[in-house]
Asks: 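Right, I'll just put the structure down here and ask away after.
The model shown is predicted, which means the values in this text are computed figures rather than measured ones. Order of the sequence lines sets the chain letters (A, B, ...), proteins ahead of strands, with each chain counted from 1.
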Amino acid sequence: MVIEENLLYSMGASTKTYAAGDTIFVEGDWPMFYYQIIKGEVKLNNYNEDGKETIQIIIEDGQSIGESLLFMEKFYPMNAVAITECEVIKLPRKAFISLLREDAEISYKMNKCLSQRLYFKLIMTQNLSSQNPMLKLIALMDYLKSFAKDQQQYSFKIPLTRKQMAGLTGLCVETTIRTIKGMERASILKIEDRKIMY
DNA sequence: TCATTAAAGTTAT
DNA sequence: ATAACTTTAATGA
């Protein structure tokens with residue numbers, strides 16, 4: 001968890017519930033709140049001219065949503081959409097800023113969280129620029145697995161649908177599936193009950 | 001080679 | 001039941 005929930009409430013935060021598929025904010029909105037997920041999953045995405053979705057990142061319990069925009073005078077460059085039903089705490093921007101000004105510990109945690117996001121972007125852009133679909137998928141899976149306790153081969157179950165993996169790598173679903181099949185043949189991963197074990 | 005289109009099978013709500 | 005996701009196959013850039 002980035003910021004203690006009680007602390008957020010004491011600063012005037014409120015809770016909002018979103019159903020799966022609900023929009024939290026859209027591209028072009030002005031950032032007014034700090035959002036932190038209590039429960040559920042949220043994706044940050046964009047749509048290109050053809051309507052193809054690119055997922056920037058998937059965020060889960062305890063993480064904040066689009067926090068980097070609160071430090072700038074910019075509109076949101078992406079949408080935030082609930083993947084599952086979500087409970088989200090929202091704190092007005094000004095209260096969030098003063099909280100960071102007052103509390104060095106919170107400020108440090110925020111830096112840590114921002115660095116995490118930056119790192120993810122760095123790893124992903126580096127590998128996504130490769131046009132090889134297998135390398136893209138490996139980059140994604142390596143990143144996801146890097147947080148797992150068990151680093152043994154085939155011990156990590158990829159918590160994404162193939163469609164989501166396609167959205168995160170910029171590949172189409174079919175290529176994602178075919179590439180994954182090929183990787184299974186090459187023993188890079190295993191498929192158990194349709195789930196990818198890496 | 002990968003994206004796109006289409007069609008059919010499978011799972012989740 | 002219906003929508004969402006997965007898979008296979010054919011075709012095109």
Asks: Taking the hydrophobic residues Ile, Leu, Val, Met, Phe, Trp and Tyr, and joining any pair whose side-chain heavy atoms are under 4.5 Å apart, which ones share a cluster with A:Tyr108?
Replies: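 ILVMFWY cluster around A:Tyr108 holds nothing else.
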Asks: Which nucleotide span of DNA chain B, 5' end to 3' end, has atoms closer than 4.0 Å to non-hydrogen atoms of chain A?
Replies: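 Listed 5' to 3', the contact boundaries are B:dC2 to B:dT11.
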Asks: Applying salt bridge (charged side-chain N to carboxylate O under 4.0 Å, His left out), which residue pairs with at least one partner in residues 119-147 of chain A are found, sequence neighbours left out?
Replies: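 Residue pairs with at least one partner in residues 119-147 of chain A: there are none.
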Asks: Run the ring-ring contact (aromatic ring centres under 6.0 Å, His included) test against A:Phe25 and tell me which residues pass, sequence neighbours left out.
Replies: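 Result, ring-ring contact (aromatic ring centres under 6.0 Å, His included) vs A:Phe25: A:Tyr35, A:Tyr76.
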Asks: Under the ring-ring contact (aromatic ring centres under 6.0 Å, His included) rule, collect the residues that match up with A:Tyr34, sequence neighbours excluded.
Replies: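 Scan of A:Tyr34 (ring-ring contact (aromatic ring centres under 6.0 Å, His included), adjacent residues dropped) gives A:Phe96.
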Asks: Do any pairs count as a side-chain hydrogen bond (donor to acceptor under 3.5 Å, both in side chains) and have a residue in residues 169-196 of chain A, sequence neighbours left out, and if so which ones?
Replies: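 Passing the test, one end in residues 169-196 of chain A: no pairs.
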Asks: List every contact pair, protein side and nucleotides 3-8 of chain C side both N or O, where the distance is under 3.5 Å.
Replies:
| residue | atom | partner | partner atom | Å |
| --- | --- | --- | --- | --- |
| C:dC5 | OP2 | A:Lys163 | NZ | 2.8 |
| C:dT6 | OP1 | A:Arg162 | N | 3.1 |
| C:dT6 | OP2 | A:Arg162 | N | 3.4 |
| C:dT6 | OP2 | A:Lys163 | N | 3.0 |
| C:dT7 | OP2 | A:Arg162 | NE | 2.4 |
| C:dT7 | O3' | A:Lys181 | NZ | 3.4 |
| C:dT8 | OP1 | A:Lys181 | NZ | 3.3 |
| C:dT8 | OP2 | A:Lys181 | NZ | 2.7 |

Asks: For A:Asn111, give me all partners under side-chain hydrogen bond (donor to acceptor under 3.5 Å, both in side chains), at least two apart in sequence or on another chain.
Replies: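 Listed in chain order: nothing, the list is empty.
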Asks: Please list, chain by chain and in numerical order, all residues satisfying side-chain hydrogen bond (donor to acceptor under 3.5 Å, both in side chains) with A:Tyr9, sequence neighbours excluded.
Replies: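 For A:Tyr9, the residues satisfying side-chain hydrogen bond (donor to acceptor under 3.5 Å, both in side chains) (neighbours in sequence not counted) are A:Thr15.
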